[in-house]
Amino acid sequence: MSTTRLRFAPAPTGSLHLGSARTALFNWLTARGTEGELILRIEDTNAELTRPELIDNIYRSLEWLQIEFDGEPVRQSERTDLYNDAVESWLSDDLAYVDDGAVRFRVPSDGTTSWDDVVRGNVVFENQNIEDFVVRRADGSATFFTANAVDDFDLGITHVVRGEDLVNVTPKVIMLRQALGAQDLPKFAHLPLIVNEQRKKLSKRRDDVALESYRDRGVLADAMINYLALLGWGPPDDVEVRPIEEIVQLFRLEDVNPSAAMFDVKKLEAINGDYIRAMKPEEFTEALIPWIANEPWNSLVDRDQLAQVAPLVQERTRVLVEGPPQLDFFFLESPEIEESAWEKAMTTPEAPLILESTKTAFASVDWSVASLHESLRAIGDSHGMKLGKAQAPVRVAVTGRLVGPPLFESIHALGREVVLERILRAQNKLDET
RNA sequence: GCCCCCAUCGUCUAGCGGCCUAGGACACCGGCCUUUCACGCCGGCAGCACGGGUUCGAAUCCCGUUGGGGGUGCCA
């Protein structure tokens, strides 16, 4: 028998919002940390929101985040009788009245309604500031207030953890719950809003709020969860990047910071980079495949070769989308040479000499990373250049860019034939100009 | 307008009356390492919004001001 029972109650309005994901997470953390239960409740009292595909998206996103629920989801659209009964009883007790076909709840004109919020402390509303609100629409459907109050009571919810934007509906829900005959109140915890750089609530219109869009760019679920946990909460020991199991142990609703938190993509990506670097090379290679599938050179990719070269860019990748562009030259027949790179590396007096020496040396050098390395180092030496300088023309000739994965490992993977051909190609291009 | 909430480095946070000349992380700036970039390491910049209290003592408690935000639908 569990002592705590929580619910995550999204309205199916399309893709899961970052704020909703954070709310789901904090509910989940609380449930896990207290060995309680967490149920998923779909708030689709509005007929327009009952479309199955909207709900599927929520399931998929929550599944991706590995936020699990106990029991089957509760669909409010399937509990209309319950809401009707409640409204009827309020009507017969004269707690509510009909107005233009809708039913409104009678709010007392004096007194106060308050609760002790877990994250904000005591919150008090003067009843006189609350209007009689609609509990049943003219079309007969229950409103959010009714469904919310009835379900939280009926489902035995002990902790209501939701966004701060719902603070002002809380007194209404409390009144309804009392009208239902409830003697107690659940613990309310209103989480700080997640805001953008303008300090405004993340909005669908202006901000990139869909969880999927981060997933699609190659943010890992574990990293996303870890980052989201840091929005409004911090571990007591200052260790921010850590396994979710540890966060479950450390997390306490009482420690949640009440002030709004800005969603910082840079930090998200930094944490994601940590997670990517922590992957096994094979895992990283595997994770990259869906992103490579989007590249025009996808059909040229050889899996074995990919397994060999992907790890070379692992620590250079913060989000998975950044992976493929760093690897294209391994697979493209004749990768394009970036103009700015060419300008920088090939217009020096030494460049042609280095290319020629390298071509000659590489034609017979032992094809190992160490020998390749030593060989080019020696060539650089003979021109009085450090390797850092000397490698530039070769890198541009072979990869088309000035920056990229470690050169000798790359050259090694490409093979002698390809490398010599690319050097020759660069020499030809040099001759043309 | 009315109601409600919030206020520590640029950002996310630690701090719950003395351990704070305020700690960590991201970002930024130096340096080291180095075959580029990155990673890693070392160092730096930078904050308790303001004013009153309370107290021997306040970032921490109270009040006010200012500034931000949220809500104000027969949406949720």
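Letters A, B, ... are given to chains in the order of the sequence lines, protein chains preceding strands, and every chain is numbered from 1.
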Next on the checklist: For a quick check of understanding: with a heavy-atom distance under 4.0 Å over all strands, which category does A/Val124 fall into, base, sugar-phosphate or nothing?
Outcome noted: sugar-phosphate

Item to check | Closest nucleotide among B/G68, B/C4, B/A25 to the A/Glu240 side chain | outcome: B/A25

Checklist entry - Can you tell me how far P of B/U34 sits from CG of A/Leu376, to the nearest Å? => result 17 Å

Item to check | Presence of A/Arg277 side-chain N/O under 4.0 Å of B/G40 phosphate oxygens OP1/OP2 | outcome: yes

Checklist outcome for this item: Test side chain to side chain contact (heavy atoms under 4.5 Å, CB included), reference A/Arg7, set A/Leu40, A/Thr158, A/Asp152, output is A/Asp152

Checklist entry - Using the ring of each side chain (for Trp, its six-membered ring), is A/His412 parallel, tilted or perpendicular to A/Trp367, with breaks at 30° and 60°? => result parallel

Next on the checklist: For A/Phe263 and A/Tyr227, take the angle between the two ring planes, folded into 0 to 90°, and tell me which bin it lands in: parallel under 30, tilted 30 to 60, perpendicular over 60.
Outcome noted: perpendicular

Checklist entry - When all nucleic acid strands are considered with a 4.0 Å heavy-atom cut-off, which category describes A/Glu322: base, sugar-phosphate, or nothing? => result nothing

Next on the checklist: Applying a 4.0 Å non-hydrogen cut-off, can you work out what A/Pro405 is touching in the nucleic acid: base, sugar-phosphate, or nothing?
Outcome noted: base

Item to check | Non-hydrogen side-chain atoms of A/Trp90 and A/Thr146 separated by less than 4.5 Å | outcome: yes

Item to check | Side chain of A/Phe125 - closest among B/C4, B/C5, B/C26 | outcome: B/C4

Item to check | base_contact_polar (B/U36 base, A/Arg316 side chain, donor-acceptor, <3.5 Å) | outcome: yes

Next on the checklist: Measuring to OP1 and OP2 of B/G71, would you say a side-chain N or O of A/Lys201 lies under 4.0 angstrom away?
Outcome noted: yes

Item to check | Phosphate OP1/OP2 of B/U72 contacted by A/Asn129 side-chain N/O (<4.0 Å) | outcome: no

Checklist entry - What distance, rounded to whole Å, do you find between the two C1' atoms, one in B/G15 and one in B/C56? => result 22 Å

Checklist entry - Which nucleotide in the list B/C6, B/U36, B/G69 gets nearest to the side chain of A/Ser259? => result B/C6

Next on the checklist: What's A/Ile271 touching, base or sugar-phosphate or nothing? Going by heavy atoms closer than 4.0 Å.
Outcome noted: nothing

Checklist entry - Does any donor-acceptor pair link the side chain of A/Glu315 with the base of B/G40 at a separation under 3.5 Å? => result no

Next on the checklist: Both distances below 3.5 Å, Watson-Crick or wobble geometry, any strand: find the nucleotide opposite B/G51.
Outcome noted: B/C63

Next on the checklist: What contact category does A/Ala261 fall into here, base, sugar-phosphate, or nothing, at under 4.0 angstrom with non-hydrogen atoms?
Outcome noted: sugar-phosphate

Checklist entry - Charged N to carboxylate O below 4.0 Å: is that the case for A/Asp94 and A/Arg106? => result yes

Next on the checklist: Using atom P in both nucleotides, what's the gap between B/G43 and B/G24 to the nearest angstrom?
Outcome noted: 10 Å

Next on the checklist: Any side-chain N or O of A/Thr45 below 4.0 angstrom from OP1/OP2 of B/A76?
Outcome noted: yes

Checklist entry - With sugar-phosphate meaning primed atoms plus P, OP1 and OP2, does A/Arg242 contact a base, only sugar-phosphate, or nothing at under 4.0 Å between heavy atoms? => result nothing

Next on the checklist: Taking any heavy-atom pair under 4.0 Å as a contact, classify A/Gly232: base, sugar-phosphate, or nothing.
Outcome noted: sugar-phosphate

Checklist entry - Regarding A/Ser382 and A/Arg377, is there a side-chain donor-to-acceptor distance under 3.5 Å anywhere? => result no

Checklist entry - With a 4.5 Å limit on heavy-atom distance, are the side chains of A/His159 and A/Pro186 in contact? => result no

Next on the checklist: With rounding to the closest Å, how many angstrom separate the C1' atoms on B/C5 and B/A22?
Outcome noted: 26 Å

Checklist entry - What is the pairing partner of B/A27, taking Watson-Crick or G-U wobble pairs with both distances under 3.5 Å in any strand? => result none

Next on the checklist: Rounding to an integer number of angstrom, what distance separates B/A46 and B/G40 when you compare their C1' atoms?
Outcome noted: 24 Å

Checklist entry - With a 4.0 Å cut-off on heavy atoms, is A/Asn148 in touch with a base, just the backbone sugar-phosphate, or nothing at all? => result nothing

Checklist entry - Does A/Arg120 make a side-chain donor-acceptor contact with the base of B/C5, cut-off 3.5 Å? => result no

Checklist entry - Is a side-chain donor or acceptor of A/Asn196 paired with a backbone partner of A/Leu202 at a separation under 3.5 angstrom? => result no

Checklist entry - Side chain of A/Asp238, base of B/G23: donor and acceptor closer than 3.5 Å? => result yes

Checklist entry - Where the side chain of A/Asn46 is defined as all heavy atoms beyond and including C-beta, which of B/C75, B/C6, B/C5 is the nearest nucleotide? => result B/C75

Checklist entry - So what does A/Ala102 hit on the nucleic acid, given a heavy-atom distance under 4.0 Å: a base, only sugar-phosphate, or nothing? => result base

Checklist entry - Base, sugar-phosphate, or nothing for A/Thr317, non-hydrogen atoms under 4.0 angstrom? => result nothing

Item to check | P gap between B/U54 and B/A59, integer Å | outcome: 16 Å

Checklist entry - Partner of B/A22 by Watson-Crick or G-U wobble geometry, both contacts under 3.5 Å, or none? => result none

Item to check | Separation of the C1' atoms in B/G73 and B/U60, to the nearest angstrom | outcome: 41 Å

Item to check | Nearest-neighbour nucleotide for the A/Asp255 side chain, B/U36, B/C16, B/C12 considered | outcome: B/C16

Item to check | Rounded C1' spacing from B/C16 to B/G31 in Å | outcome: 39 Å

Next on the checklist: Distance check, C1' atoms only: B/U11 and B/U72, in whole angstrom units.
Outcome noted: 31 Å

Next on the checklist: Regarding A/Gly404, tell me which of base, sugar-phosphate or nothing describes its non-hydrogen contacts under 4.0 Å with the strands shown.
Outcome noted: base

Item to check | Closest approach of A/Val256 to A/Val119 (non-hydrogen atoms, all atoms of both residues) | outcome: O-CB, 4.0 Å

Checklist entry - Looking only at side-chain N and O atoms, does A/Arg104 come under 4.0 Å of OP1 or OP2 in B/C74? => result yes

Checklist entry - Rounded to whole angstroms, how far apart are CG on A/Asn272 and P on B/A27? => result 13 Å

Checklist entry - Out of B/U35, B/G70, B/C12, which nucleotide sits closest to the side chain of A/Glu409? => result B/U35

Item to check | Interatomic distance, A/Asp274 CG vs B/C12 P [rounded to whole Å] | outcome: 20 Å

Item to check | For B/C33, the Watson-Crick or wobble counterpart (both distances under 3.5 Å) | outcome: none

Identify each atom pair where a protein N or O and an N or O of nucleotides 44-46 of chain B are less than 3.5 Å apart, giving names and distance.
none

Next on the checklist: Using 30° and 60° as the class boundaries, would you call the ring planes of A/Trp115 and A/Phe125 parallel, tilted or perpendicular?
Outcome noted: parallel

Checklist entry - Base, sugar-phosphate, or nothing: which does A/Phe263 touch, judged by heavy atoms less than 4.0 Å apart? => result nothing

Checklist entry - Which part of the nucleic acid does A/Lys386 contact within heavy-atom distance under 4.0 Å: base, sugar-phosphate only, or nothing? => result nothing

Next on the checklist: Please give me the minimum heavy-atom distance between A/Arg22 and A/Leu231, naming the atom from each residue.
Outcome noted: NH1-O, 2.7 Å

Checklist entry - Going by modelled atom types, is there a donor-acceptor pair between the base of B/A27 and the side chain of A/Lys266 at under 3.5 Å? => result no

Next on the checklist: My understanding is that a pair needs two contacts under 3.5 Å, Watson-Crick or G-U wobble. By that rule, which nucleotide pairs with B/U72?
Outcome noted: B/G1

Next on the checklist: Can you identify which nucleotide, out of B/C5, B/A76, B/U35, has its nearest atom closest to the A/Pro406 side chain?
Outcome noted: B/U35

Checklist entry - Using a cut-off of 4.0 Å on non-hydrogen atoms, how would the nucleic acid contact of A/Val103 be classed: base, sugar-phosphate, or nothing? => result nothing

Checklist entry - Can you check the A/Arg199 CZ to B/C12 C1' distance for me, whole Å? => result 10 Å

Checklist entry - Could you walk me through whether A/Asn272 and A/Arg277 pass the side-chain hydrogen bond (donor to acceptor under 3.5 Å, both in side chains) check? => result CA-CA 9 Å; A/Asn272 202 55; A/Arg277 269 172 255 122; over 6 Å; no

Item to check | Whichever of A/Arg137 and A/Val239 has its nearest RNA chain B nucleotide further upstream toward 5' | outcome: A/Val239

